[in-house]
Amino acid sequence: MTDDELIWRISGGSGDGIASTSQNFAKALMRSGLNVFTHRHYPSRIRGGHTYTEVRASEDPVNSRGDGYNFLLALGDSFARNPQEEAVYGNEEIKPLSENLDELREGGVIVYDEGLLDASEIPNFEERAEENDWHVYPLDLRGLARDQGREVMRNTAGVGATCAITGMELDHVQDLMRDAMPEKILEPNLEILQIAYDQVREEYDVDAPDVSVPTGEHDEEQLLMSGSDAISYGAIDEGCRFISGYPMTPWTEVFTIMTKNLPKLGGISEQVEDEIAAAALAVGASHAGVKAMSGSSGGGFALMSEPLGLAEMTETPVVLVEAMRAGPSTGMPTKPEQSDLEHVLYTSQGDSQRVVLAPGTVEEAYEQSRLAFRLAYEYQIPSILLYDQKLGGELTNVPKSHFDREPNPTLGKTLSEDALADEPHSADGKFHRFQHDVDDGVSPRSIPGQKGGRFLATGNEHDPTGHISESPDNRVAQIDRRTEKLAAIRDDLDQVDTGSYAGPEEAEYGILTFGSQQGTVEEAVGRLNDAGHSVKSYGVSDMLPFPTEQVAEFIESVDEVLVVEMTASGQFRGLVQKNLGRYGEKLSSLLKYNGNPFEPAEIVDGFEAALVEDDGDASGHQTTFVPAAGD
Amino acid sequence: MSTFSAIGEEREIDRDEYTPGVEPQPTWCPGCGDFSVLKALKQALPEVGRTPEETLLCTGIGCSGKLNSYLDTYGFHTIHGRSLPVARAAKLANPDLEVIAAGGDGDGYGIGGNHFIHTARENHDMAYIVFNNEIFGLTKGQTSPTSPKGHKSKTQPSGSAKEPIKPLSMSLNAGASYVARTAAVNPNQAKEIITEAIEHDGFAHVDFLTQCPTWNKDARQYVPYIDVNESDDYNFDKTDRVEAAEMMRETEESLYEGEVLTGRFYVDEDRPSYGEEKRAIGEMPEEPLAERYWDDDYEWERSHDMFLDKHA
Ligand SMILES: Cc1ncc(C[n+]2csc(CCOP(=O)(O)OP(=O)(O)O)c2C)c(N)n1
Ligand code: SF4
């Protein structure tokens with residue numbers, strides 16, 4: 001736990017503006033030169049119910065939510081309010097204060113809106129505050145905003161109070177307000193911000209707590225971006241101009257970002273009747289010569305299984321994104337988990353082939369969104385971008401230069417009409433779209449409307465012209481060729497250098513993880529080494545084709561390996577063992593599946609208990625330790 | 001653009017161009033009504049002036065789905081019930097293509113029923129031909145959504161307790177702008193209706209009564225039909241939704257009583273197709289999206305230049 005960081009938690013009810021306020025505050029911190037990382041926690045309901053967002057800010061890079069937090073702004077209660085009237089509903093009044101205390105660090109700050117919350121209703125509040133050396137500021141934020149005629153602006157008052165206590169200048173916040181707000185509400189907001197700031201500085205001893213905003217400086221321009229943003233921009237830069245979908249949390253974020261932007265780029269977005277249609281549309285658009293994507297979350301992706309197989313069999317490039325949430329069935333819609341891994345690896349019938357990539361950070365989300373498209377179109381295979389609610393929703397700063405890349409709208413091995421004329425055709429002029437003997441398994445394709453390119457795409461096994469065939473020789477040739485692509489893709493991926501390593505090369509222990517847990521694991525690795533352990537980590541990005549060699553090398557280079565994942569059944573560990581076929585006795589699992597992502601401390605504790613003490617009792621956290629098993 | 005030079009090519013088109021040179025072994029049974037649809041399409045396409053290479057035929061799964069093994073256009077034999085979503089997207093991606101969708105009654109009205117309703121509702125510009133043989137053919141004779149009440153099959157041994165679906169009324173109510181029924185036993189009408197359906201700018205639904213001599217010998221499609229547009233007994237305005245709906249109700253009820261009424265039941269020339277609607281609100285480009293990928297001069301926009309400032 002570093003001292004020179006601020007982890008600010010803003011809590012209230014859904015609909016209280018927690019998301020927008022925290023987003024702006026994070027951006028102000030980023031603009032002041034800090035690295036930021038946000039973590040969202042919200043219930044699956046529209047208004048009311050307890051929700052919070054954490055904004056972590058530090059001079060050093062931050063890639064996880066951190067452990068606990070040190071500043072609580074309890075902005076509202078958990079009631080949903082009708083803005084016109086006083087009517088409220090819900091029955092969780094004091095939760096934004098009561099529910100958040102367990103993780104508040106010693107010496108932390110509590111600002112709560114005494115216009116809405118009554119701390120005396122919380123058992124032993126004063127004793128706990130004293131024991132933990134918390135600095136408590138009951139402020140009438142609601143009254144203050146109401147005096148200016150705008151009760152809803154109490155969030156601005158809360159930000160003003162935060163700045164006063166943490167010693168943050170108001171200028172970045174003010175600039176942001178000027179950028180984002182229409183004239184009509186700008187003035188009162190600026191006023192409320194200033195009044196709250198001044199009032200707190202005058203009336204309270206703001207130098208007492210040891211919680212302040214650190215200072216930092218970026219050496220290049222930064223952007224505040226979520227995983228969903230990064231996936232969308234990656235798709236756009238790779239020439240995707242068609243998206244079809246059906247809403248489902250958390251995939252909806254990518255769907256809406258794309259839908260907002262595609263028409264501006266002359267692209268097309270379609271909200272359709274269900275996920276089967278959504279994936280089938282993406283296949284149809286791609287067949288007609290457009291770069292297309294679709295996606296969903298757990299249950300919606302289940303419906304896509306058949307069109308996915310169709311894309312494989314007809315070798316139609318397509319990108320599907322799968323935003324994981326806790327399952328099975330509708331599970332916990334707004335909570336992250338990584339347990340759809342096996343679902344996306346193995347769904348659909350037959351010996352099916354696909355690419356599955358799992359980015360670990362927002363930067364990688366952009367990278368791998370582009371990569372998913374490139375691989376899909378170059379190799380005529382469906383690619384799945386697998387991420388989770390955590391990565392999709394977390395905001396973090398990324399250098400702007402990271403996005404300064406050339407677009408890549410190429411469709412892959414697609415023939416011009418001139419080139420088509422030189423390709424093999426049947427006697428009736430039918431183009432051999434699915435030739436058996438081609439390099440890397442990829443037969444060049446034609447697009448409907450091209451002269452000399454006529455062929456049939458079918459989900460049935462087919463001969464080189466596309467006609468349905470059950471000939472044994474043809475079957476073997478076609479399936480071998482389709483399978484060959486995966487080896488070529490693996491070679492390709494080896495050049496691209498996906499995956500993330502942290503810690504000293506010569507280490508005694510290893511931690512393996514994938515997807516959104518990568519940043520948290522890397523932070524834990526840093527701490528473990530600081531504490532005198534010798535440990536390194538490998539965040540694997542390619543789930544299929546799997547980087548078997550790299551993972552084997554990693555495992556061989558250490559004595560024991562902890563596999564960290566957000567599943568209950570150790571799906572990722574299973575994948576490692578399936579691909580490697582050995583090393584079971586070297587692998588232990590650290591699992592978490594309570595709806596919250598890992599905190600670095602849980603991994604530190606889990607590591608110490610599992611590998612160093614070898615007592616098999618991970619920790620007091622809601623994590624599970626599964627010891628090594630022989631093959 | 002020479003990229004899709006088959007599109008819009010003006011020339012005499014011989015109907016044999018649609019026939020695969022090396023004919024695949026037909027998998028349809030002798031006497032199957034599906035041959036009539038194939039024939040009608042081969043006659044209609046040259047009439048419309050569309051070449052095989054500018055035509056994309058999307059089919060579902062079933063005996064009917066095999067259609068594009070015998071009609072030599074660009075083809076997409078999709079999955080059971082899903083010809084429409086594939087066809088829709090292809091049409092949006094390249095509106096200059098002639099997109100036709102086809103499949104069986106199980107395919108289109110059963111498993112694909114949801115897509116059928118929504119494609120009609122959106123009025124996508126395509127002809128949709130449903131081979132209605134009132135039975136599942138390919139899977140050997142199970143009850144289909146159009147099988148009559150009381151129809152006995154291995155999966156409904158006591159006779160179906162369900163009323164058959166009313167596909168014409170369904171597509172009218174959902175929003176199709178052209179709804180017709182024709183039958184294998186009348187090749188001339190079939191050809192005319194299919195020609196019109198292809199030419200129609202909007203979703204043209206043709207319920208094509210086909211016989212399945214193998215599994216559905218009793219079906220009424222063998223009964224002589226009446227063309228409601230020709231007969232003096234049926235006076236109605238096919239551009240009037242209410243009158244059209246009434247005629248459809250009549251034909252759909254009488255079908256199972258032995259009287260087969262066919263013809264054009266609803267024609268709305270004014271309703272804009274979905275593509276036109278999308279263009280009008282700025283959600284679809286003027287030029288076919290698919291062409292852009294071949295245009296070397298096109299400047300591809302980057303997120304860096306367009307969207308990143310709001311994140312700074
Ligand atoms: C998802 C799925 N379910 C079931 C099948 C099996 N199946 C193939 S064709 C068919 C029925 C076809 O009936 P219909 O659409 O009426 O066409 P016909 O064969 O009569 O032309 C079925 C159930 C399948 N291929 N896919
Ligand atoms: S089973 Fe029926 S529908 Fe299928 S080919 Fe034979 S006759 Fe035609």
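FYI, side chains are in, hydrogens and waters are out, and symmetry mates aren't considered; it's all heavy atoms of this structure. Convention: sequence-line order gives letters A, B, ...; per-chain numbering from 1. Just so it is clear, the structure is predicted and the values come from calculations on it, not from any experiment.
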- request: Run the numbers on B/Arg292 and A/Val290 for side chain to side chain contact (heavy atoms under 4.5 Å, CB included), then give the verdict.
  value: CA-CA 9 Å; B/Arg292 193 186 302 169; A/Val290 165; over 6 Å; no
For [X], is it the side chain, the backbone, both or neither that has a heavy atom under 4.5 Å from a heavy atom of chain A?
X        : value
B/Ile7   : both
B/Glu122 : side chain
B/Phe76  : both
B/Thr59  : neither

Residue [X] versus chain B: region with a heavy atom under 4.5 Å:
X        : answer
A/Ile257 : neither
A/Arg405 : backbone
A/Glu417 : side chain
A/Met30  : side chain
A/Ile447 : both
A/Gln222 : backbone
A/Lys400 : both
A/Leu224 : both
A/Ile468 : side chain
A/Asp418 : neither
A/Leu265 : both
A/Thr316 : side chain
A/Thr314 : side chain

Look at atom [atom1] of [X] and say whether more than 12 heavy atoms of other residues, nucleotides or ligands are closer to it than 6.0 Å.
X        : atom1 : answer
B/Tyr274 : OH    : yes
A/Lys413 : NZ    : yes
A/Lys264 : NZ    : yes

Measuring from atom [atom1] of [X] to atom [atom2] of [Y], what distance do you get when rounded to the nearest 0.5 angstrom?
X        : Y        : atom1 : atom2 : result
A/His287 : B/Asn94  : NE2   : CG    : 11.0 Å
B/Glu54  : A/Gln450 : CD    : CD    : 13.5 Å
B/Asn68  : A/Leu456 : CG    : CG    : 5.0 Å
B/Ile61  : A/Glu306 : CD1   : CD    : 8.5 Å
B/Arg82  : A/Ile276 : CZ    : CD1   : 4.0 Å

Looking at every heavy atom in both [X] and [Y], which two are closest together, and how far apart are they?
X        : Y        : value
A/Ile268 : B/Glu283 : CG1-O, 4.0 Å
B/Gly282 : A/Pro263 : O-CB, 3.7 Å
A/Asp274 : B/Asn114 : OD2-ND2, 3.0 Å
B/Ala89  : A/Phe242 : CB-CZ, 3.9 Å
A/Gly266 : B/Pro285 : O-CG, 3.2 Å
A/Tyr366 : B/Ser303 : CE1-OG, 4.4 Å

field: Electrostatic pair B/Glu9-A/Lys451, nearest N-O below 4.0 angstrom
entry: yes
field: A/Asp179/B/Lys310 ion pair, N-O < 4.0 Å
entry: no
query: Is A/Asp428 reaching over with its side chain to a backbone N or O of B/Pro20, donor-acceptor style, under 3.5 angstrom?
result: no
query: Hey, does the side chain of A/Arg454 reach the backbone of B/Asp72 with a donor-acceptor pair shorter than 3.5 angstrom?
result: yes
With chain B, which of [options] has the greatest number of heavy-atom pairs at distances under 4.5 Å?
options                                : value
A/Leu395, A/Leu262, A/Leu415           : A/Leu415
A/Val283, A/Val272, A/Asp229           : A/Asp229
A/Leu176, A/Ile236, A/Thr414, A/Asp237 : A/Asp237

- request: May I ask you to check whether B/His304 and A/Phe403 place their ring centres under 6.0 Å from each other?
  value: no
message: Would you say the ring centers of B/His311 and A/Tyr233 fall short of 6.0 Å from each other?
response: yes
task: Could you tell me how the ring of A/Phe455 sits relative to the ring of B/Tyr74: parallel (under 30°), tilted (30 to 60°) or perpendicular (over 60°)?
output: perpendicular
- request: Going by the salt bridge (charged side-chain N to carboxylate O under 4.0 Å, His left out) test, name the single residue among B/Arg88, B/Lys91, B/Lys278 that passes it with A/Glu270.
  value: B/Lys278
message: So which residue, B/Lys66, B/Glu17, B/Glu53, ends up with the most heavy-atom pairs under 4.5 Å with chain A?
response: B/Glu53
